[in-house]
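See below for the structure under consideration.
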Amino acid sequence: MKKWHLWAAASIGIVVVVGMMVREFDVDALREMELSPAFFLGIGSAVVLFVLQNLMLTLRFQLLTGRRITLLQSFRVNVLCEFTSAVTPSVVGGSGLTFIYLNREGVTMGRSLFSMFGSLLADEAFLAVSSLVLYLMVPSGVLFCFSDELQSMDVVSEWLKGGMQVLFLGCIVAVAVWTIALYWLLLHSPHSLGWVLKWCCKVSFLRRFRQRVKKLSEDMVVASAESKQEGCTFWVRLMTYTSLAWMSRFAIVVAIIYAFRTPGSLLVVWIRQWVIWMVSILIPTPGGSGVAELMFRLYYSDFLPNASVAIVAALLWRAIFYYPYLIMGLMVLPKWMERNKAAKG
């Protein structure tokens with residue numbers, strides 16, 4: 001992990017927030033903020049939801065590994081995965097290194113690979129199905145509504161709504177296709193990917209990847225063999241942990257908005273998180289930094305009294321569910337790397 005990744009992840013979002021402050025922040029407008037019991041209840045609830053999310057992910061690793069590692073080890077792997085996601089573009093994520101983290105904790109390579117593909121399959125299945133249900137059931141005027149200042153600019157507002165709908169639907173299709181592919185490869189035809197990639201490697205400039213393709217094909221077979229040993233109860237529990245983790249993650253923003261005693265529907269606040277998260281898959285910045293804060297400002301300012309309060313709320317949102325992973329990662333990763341170097345030595 002290079003240091004500039006950490007600096008980029010931490011600074012991009014802060015730079016965007018500072019930019020919004022310079023342009024829109026008004027200290028006098030903050031007087032509308034009321035540090036009431038509801039404010040502290042909302043912030044406290046957001047912290048509890050963050051803890052619940054990570055508890056579910058930790059229990060999920062326990063389930064995926066067949067309890068071959070302790071709760072502490074599961075939590076450490078979860079922190080490392082979330083930390084990797086926080087310092088890499090959203091489309092890359094931290095799931096790709098899960099099998100390495102688990103294997104270094106003493107889990108067999110076959111079970112580590114199964115845990116990685118199993119968690120990927122559960123995440124993508126939840127996002128694809130829940131996003132499609134919301135798209136079909138929630139009116140577009142609710143799901144893709146922007147702040148009042150943009151709504152007053154009819155052309156800009158309609159253009160943004162239309163573009164956001166296209167992006168959201170495109171992401172749903174892409175995630176659904178990826179979910180089906182994972183399901184098929186993991187549970188039914190692990191050799192298929194190897195056959196396709198080996199055929200592609202017949203092209204001259206791709207021949208140098210033959211050995212990697214062979215290794216990937218073998219890994220898929222091993223992971224598939226592990227998956228076929230699990231019964232229906234296992235998959236139900238896996239989806240339960242996954243669903244609770246995602247719903248807790250999305251509910252953090254609900255608690256933040258509640259802290260400011262918004263008059264709007266908290267259910268609408270919650271479901272808009274699906275749009276923000278799905279579209280953030282396309283964001284090239286580490287952990288979606290910068291764009292996530294900007295989208296929060298556009299998507300939730302109609303729930304808050306003014307732009308200044310919206311900026312403060314965006315900062316609180318990222319401070320609770322994003323920046324802790326950077327801090328915990330910096331605490332866990334060096335010790336983890338040192339311990340593994342000692343083990344190798």
Side-chain angles (χ1 to χ4, degrees), residues 49 53 56 85 89-93 95 119-148 150-151 153-184 235-236 238-258 262 264-285 287-288 291-304 310 314 317 321:
L49 287 165
Q53 170 205 330
M56 291 300 104
S85 296
S90 301
V91 71
V92 177
S95 300
S119 60
L120 266 174
L121 176 60
D123 285 335
E124 305 306 316
F126 172 80
L127 288 173
V129 173
S130 59
S131 296
L132 182 59
V133 169
L134 287 176
Y135 182 78
L136 294 175
M137 295 186 65
V138 180
S140 61
V142 173
L143 199 57
F144 303 102
C145 185
F146 291 99
S147 61
D148 293 337
L150 283 180
Q151 289 181 36
M153 302 166 63
D154 292 338
V155 176
V156 175
S157 179
E158 289 304 314
W159 183 82
L160 284 173
K161 284 182 187 177
M164 192 65 72
Q165 286 189 62
V166 171
L167 285 175
F168 184 60
L169 190 56
C171 288
I172 291 175
V173 172
V175 171
V177 170
W178 177 227
T179 302
I180 294 170
L182 276 173
Y183 172 78
W184 182 256
W235 294 103
V236 171
L238 176 61
M239 288 309 302
T240 300
Y241 288 143
T242 300
S243 300
L244 288 173
W246 279 106
M247 288 190 290
S248 299
R249 184 195 297 264
F250 291 162
I252 290 173
V253 74
V254 177
I256 295 293
I257 297 296
Y258 173 81
T262 174
S265 170
L266 293 178
L267 180 60
V268 173
V269 172
W270 190 47
I271 62 177
R272 285 186 186 178
Q273 271 291 285
W274 268 262
V275 180
I276 290 179
W277 189 268
M278 291 294 281
V279 173
S280 71
I281 293 174
L282 305 174
I283 298 172
T285 59
V291 182
E293 290 84 355
L294 183 59
M295 288 183 68
F296 183 99
R297 163 72 180 84
L298 291 174
Y299 247 48
Y300 293 119
S301 59
D302 55 336
F303 286 90
L304 298 163
W317 173 54
F321 100 95

As an exercise, state the distance from [atom1] of [X] to [atom2] of [Y], rounded to the nearest 0.5 Å.
X    : Y    : atom1 : atom2 : answer
W270 : S265 : CH2   : OG    : 11.5 Å
S131 : L136 : OG    : CG    : 10.5 Å
L182 : S119 : CG    : OG    : 9.5 Å
I257 : I252 : CD1   : CD1   : 13.0 Å
L238 : F126 : CG    : CZ    : 12.5 Å
W277 : L127 : CH2   : CG    : 8.5 Å

Would you say [X] and [Y] make side-chain contact, with heavy atoms under 4.5 Å?
X    : Y    : answer
R272 : V253 : no
Q53  : F250 : no
F303 : V268 : yes
Y183 : I180 : no

- [ ] For A255, check side chain to side chain contact (heavy atoms under 4.5 Å, CB included) against everything at least two apart and list the hits.
- [x] S45, A46, L49

Open item on the list: Taking side chain to side chain contact (heavy atoms under 4.5 Å, CB included) as the definition, give me every residue that meets it alongside T179, ordered by chain and number, with sequence neighbours left out.
Closed with: L121, E124, A125, A128, V175

Open item on the list: Show me the pairs that pass side chain to side chain donor-acceptor pair (under 3.5 Å) and involve residues 243-253, at least two apart or across chains.
Closed with: E82-R249, D123-W246

Task: F168/L143 under side chain to side chain contact (heavy atoms under 4.5 Å, CB included): CA gap, chis, key distance, verdict - done: CA-CA 10 Å; F168 184 60; L143 199 57; 4.1 Å; yes

- [ ] Can you establish whether the number of heavy atoms outside Y258 located under 6.0 Å from its atom OH is more than 12?
- [x] no

